[in-house]
*Asks:* 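Just dropping this structure here.
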Amino acid sequence: MDIRFLGHAAFTLSDGDATVLIDPFLTGNPKAAIAADDVHASAILLTHGHGDHIGDAVAIAKRTGAPTVAITELAHELGEEGIDVRDPNLGGTVKFDWGWVKLWPAWHTSTTPKGTVSTPAGLLINFKDTIIYHLGDTALFSDLQLVGKRNPIDVALMCIGGHYTMDRSDAVDAASLVGAKTVIPCHYNTFPPIESDAAQFKSDVESATGSHVVVLDPGQTHTT
Ligand code: NI
Ligand code: MN
């Protein structure tokens, strides 16, 4: 399976058959690796309602017909645009041909550009039996350890940029709690307030935990 970093918190998971698109903030993202018109999706998954996560979701959903998974209140706002939505809440699982996605808590806020208030989430994804955990935007909190206890995690996609989320120092502890085989950092260096040193994060995590860190530039792919 290919995990492609599209910049900021956006990724695709693909096996050449299905493509899962996460948090497709491409238009207006100075680090976007692809244009919204060019990205493939058979499903779109959103962690929360901030503009740097919803991004181009509606336009991509309309073009591709891909269903969009988001927490209830956010899904209902997006559904008013005429796209196909799935509306779980925290703890809920949505099943697909390729696997499933489950919403876990994340400590953050979530108000959409249109003003809908909802609760942010992390996404635990089973994609063809590989377990990927996109933490969403979050601070460090101890319940991160519960996710891997329920489903041992192959790859964690983890914010490290600080200011709007945990910084790379807190993210070292998050990596320890999550216990993934591989950690891929994200949500850093997109804008000046979230500049971070991913090479130092890699060094610190690999010193302190059993996880391996793969640093991807926007556009690069990690193959599991
Ligand atoms: Ni956010
Ligand atoms: Mn964000």
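Note that ligands are numbered from 1 as they come in the structure, with each ligand's atoms numbered from 1 the same way.
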*Asks:* Measure from the Ni ion (ligand 1) to every N/O/S atom of H50 and report the name of the nearest one.
*Replies:*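 The nearest such atom is ND1.
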*Asks:* With side-chain contact (heavy atoms from CB on, under 4.5 Å) as the criterion, how do V183 and K202 come out once you've worked through the C-alpha distance, each side chain's angles and the decisive distance to 0.1 Å?
*Replies:* CA-CA 9 Å; V183 174; K202 174 179 169 69; over 6 Å; no
*Asks:* Starting from the Mn ion (ligand 2), look over the N/O/S atoms of H187 and name the nearest one.
*Replies:*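 Checking each N, O and S atom of H187, the shortest distance to the Mn ion (ligand 2) belongs to NE2.
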*Asks:* If the test is side chain to side chain donor-acceptor pair (under 3.5 Å), which one of T223, T19, T221 qualifies with D2?
*Replies:*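 Of T223, T19, T221, side chain to side chain donor-acceptor pair (under 3.5 Å) with D2 is met by T223 alone.
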*Asks:* Can you tell me how the ring of H8 sits relative to the ring of F25, calling it parallel under 30°, perpendicular over 60° and tilted otherwise?
*Replies:* perpendicular
*Asks:* Before accepting this row, confirm whether a basic side-chain N of the pair E195/R168 lies closer than 4.0 Å to the acidic partner's carboxylate O.
*Replies:*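 Salt bridge: no.
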*Asks:* Could you grab the distance from atom CD1 of I22 to atom CD1 of I125, nearest 0.5 Å is fine?
*Replies:*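 Those atoms lie 3.5 Å apart.
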*Asks:* Which atom name would you report as the N, O or S atom of D137 nearest the Mn ion (ligand 2)?
*Replies:* OD2
*Asks:* So what does the H108 NE2 - the Ni ion (ligand 1) - H48 NE2 angle come to, to 10°?
*Replies:* 100°
*Asks:* Other residues, nucleotides and ligands only: do more than 12 of their heavy atoms fall within 6.0 Å of OH on Y164?
*Replies:* no
*Asks:* Kindly confirm whether the Mn ion (ligand 2) is within less than 2.8 Å of some N/O/S atom in H53?
*Replies:*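 Yes, H53 qualifies, because one of its backbone or side-chain N, O or S atoms lies under 2.8 Å.
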*Asks:* Assess D52: does it contribute an N, O or S atom lying under 2.8 Å from the Ni ion (ligand 1)?
*Replies:* no
*Asks:* Taking just the N, O or S atoms of D137, which one is nearest to the Ni ion (ligand 1)?
*Replies:*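 Nearest N/O/S atom: OD2.
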*Asks:* Among the N, O or S atoms that D52 has, which is closest to the Mn ion (ligand 2)?
*Replies:*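 Closest N, O or S atom of D52 to the Mn ion (ligand 2): OD2.
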